Every structure is written in structure tokens, then in C-alpha cells.
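Everything quoted here is computed from the prediction, not taken from an experiment. Computation of the quantities below employed the complete heavy-atom set of this structure, encompassing side-chain atoms and omitting hydrogens, waters and symmetry-equivalent molecules.
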Amino acid sequence: SQGALLAFIGFAAFGVFYSAPPRFKTKPLLDCASNVLYIFPGAFAFYLGGGAPLSPPLFAAAWCWAMAMHAYSAVPDITADKSNGLQTVATLLGFRGTLWFCLALYALAAALSFSHLGALSVALSAVYVSLMLFSLTRQNEAELLRVYRWFPLVNSLCGTALFFAACGRKFF
């Protein structure tokens with residue numbers, strides 16, 4: 001379908017230009033915005049499976065979540081990135097600024113997805129906003145890294161809940 005083709009092209013383009021010139025990964029804000037590429041494989045599979053396209057608010061919600069995920073992952077690397085002359089959203093916004101940016105993006109993702117996910121968007125937002133608030137209590141990158149190590153598990157559990165919600169199973 002045309003939607004599947006567009007999703008594939010979007011994935012390929014953002015995947016290539018994240019590292020290839022103009023190297024989105026070296027341009028603050030564009031580095032995290034380009035993580036829209038994580039949304040395209042799901043959209044591609046959904047189209048191929050005969051699913052309807054993502055509504056613009058749901059696509060925007062997923063994009064906000066992907067941006068927050070990327071920005072949060074960049075925070076433990078601020079010192080290393082700065083010492084190597086790399087510019088990222090986290091080096092631009094700083095330790096606390098990036099965490100607040102992530103919190104705002106997760107809250108926006110919940111607001112944008114609420115009409116589709118209802119209470120699940122609220123529950124998932126509570127998880128991520130709580131994680132950001134807890135992260136804000138950390139004093140430095142080393143302390144944050146101890147919290148960050150739980151992030152893949154949080155993403156896996158929340159992603160599983162979203163998967164079952166997308167399949168029509170209601171948990172909340």
C-alpha cells in the first residue's frame with residue numbers, strides 16, 4: 001500500500017540521515033526529533049496487516065515519546081559528548097533542562113494519545129513522568145545512570161501494554 005511505502009521511505013531516510021550527512025545526530029533537537037524513525041516500522045507493519053493509518057494525534061504522541069526516549073538516553077552522556085565536541089539535545093539543554101524537556105514530552109504524548117488510549121495513556125504517563133521526577137532528584141550523570149539502567153525494562157513493560165491495547169485488549 002501507499003502508506004506502507006511511505007512508512008518504509010520515512011524509516012530509511014531518517015535512519016540514514018541520523019548518521020550520514022547532514023548527520024542529524026550532531027544537531028541538537030534534530031537529534032531527538034529524528035527518532036521519529038522508531039515509529040515507522042510499526043506503522044509499516046500495521047499497514048501491511050491491513051490496519052488503518054495512525055491518526056495525526058496518535059502519530060504525534062508516538063513522536064513525542066520517541067523524542068523523550070532519545071533525549072533521556074543522551075543525559076548520561078553529557079560530559080562524554082561535551083569532551084568529544086559532540087552537540088546533542090542534552091548538551092544544549094543540560095542535565096536538568098533535558099529531564100524537564102523529557103517530562104514535558106511524555107506528558108504531551110499522554111495528552112495527544114488520550115482520545116485513543118484513555119486511562120492507559122494516563123497510567124503510562126504516570127510511569128514516565130514519575131521516572132523523570134525521580135531522575136531530577138539525582139545530582140549527576142553517575143547517579144542518573146543507576147536509574148537509567150531500569151529504562152529498558154520500563155520501555156518493555158509499557159510497550160507490551162501498548163501492544164495489547166493496539167490489539168484491542170483493554171487492561172484499564
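Judged by distance alone, with hydrogens and angles left aside, the side-chain atoms of Asn84 form no donor-acceptor pair with the main-chain N or O of Leu86 at under 3.5 Å.
Cluster membership check: Phe95 shares its hydrophobic cluster with Val147, using side-chain heavy-atom separations under 4.5 Å among Ile, Leu, Val, Met, Phe, Trp and Tyr. No path of Ile, Leu, Val, Met, Phe, Trp and Tyr side chains, each step under 4.5 Å between heavy atoms, connects Trp150 with Tyr128, placing them in separate hydrophobic clusters.
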Practice task
Report the C-alpha distance between Arg23 and Phe17 in whole Å, list the side-chain angles of each, state the deciding distance to 0.1 Å, and finish with yes or no for side chain to side chain contact (heavy atoms under 4.5 Å, CB included).
Solution key: CA-CA 6 Å; Arg23 293 180 51 95; Phe17 291 117; over 6 Å; no
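Between the side chains of Glu141 and Thr79, at least one donor-acceptor pair of N or O atoms lies under 3.5 Å.
A ring-centre distance under 6.0 Å is not found for Phe11 and Phe40.
Remark: Ile39 pairs with Val36, Leu54, Phe59, Ala62, Trp63 by the side-chain contact (heavy atoms from CB on, under 4.5 Å) rule, at least two apart or across chains. Residues satisfying the ring pair (Phe, Tyr, Trp, His ring centres under 6.0 Å) test with Phe151, not counting sequence neighbours, are Tyr72, Tyr148.
Between atom CG of residue Leu92 and atom CZ of residue Phe101 there is a gap of 9.5 Å, rounded to the nearest 0.5 Å. With values rounded to the nearest 0.5 angstrom, Asp31 atom CG is found 8.5 Å from Thr26 atom OG1. In this structure, CG on Asp81 lies 5.0 Å from OG1 on Thr88, to the nearest 0.5 angstrom. Remark: Leu145 CG to Ser135 OG distance equals 11.0 Å, nearest 0.5 Å.
Between Phe24 and Phe14, the two ring planes are tilted [angle within 30° to 60°].
Residue Phe114 belongs to a hydrophobic cluster whose other members are Val122, with links defined by side-chain heavy atoms closer than 4.5 Å.
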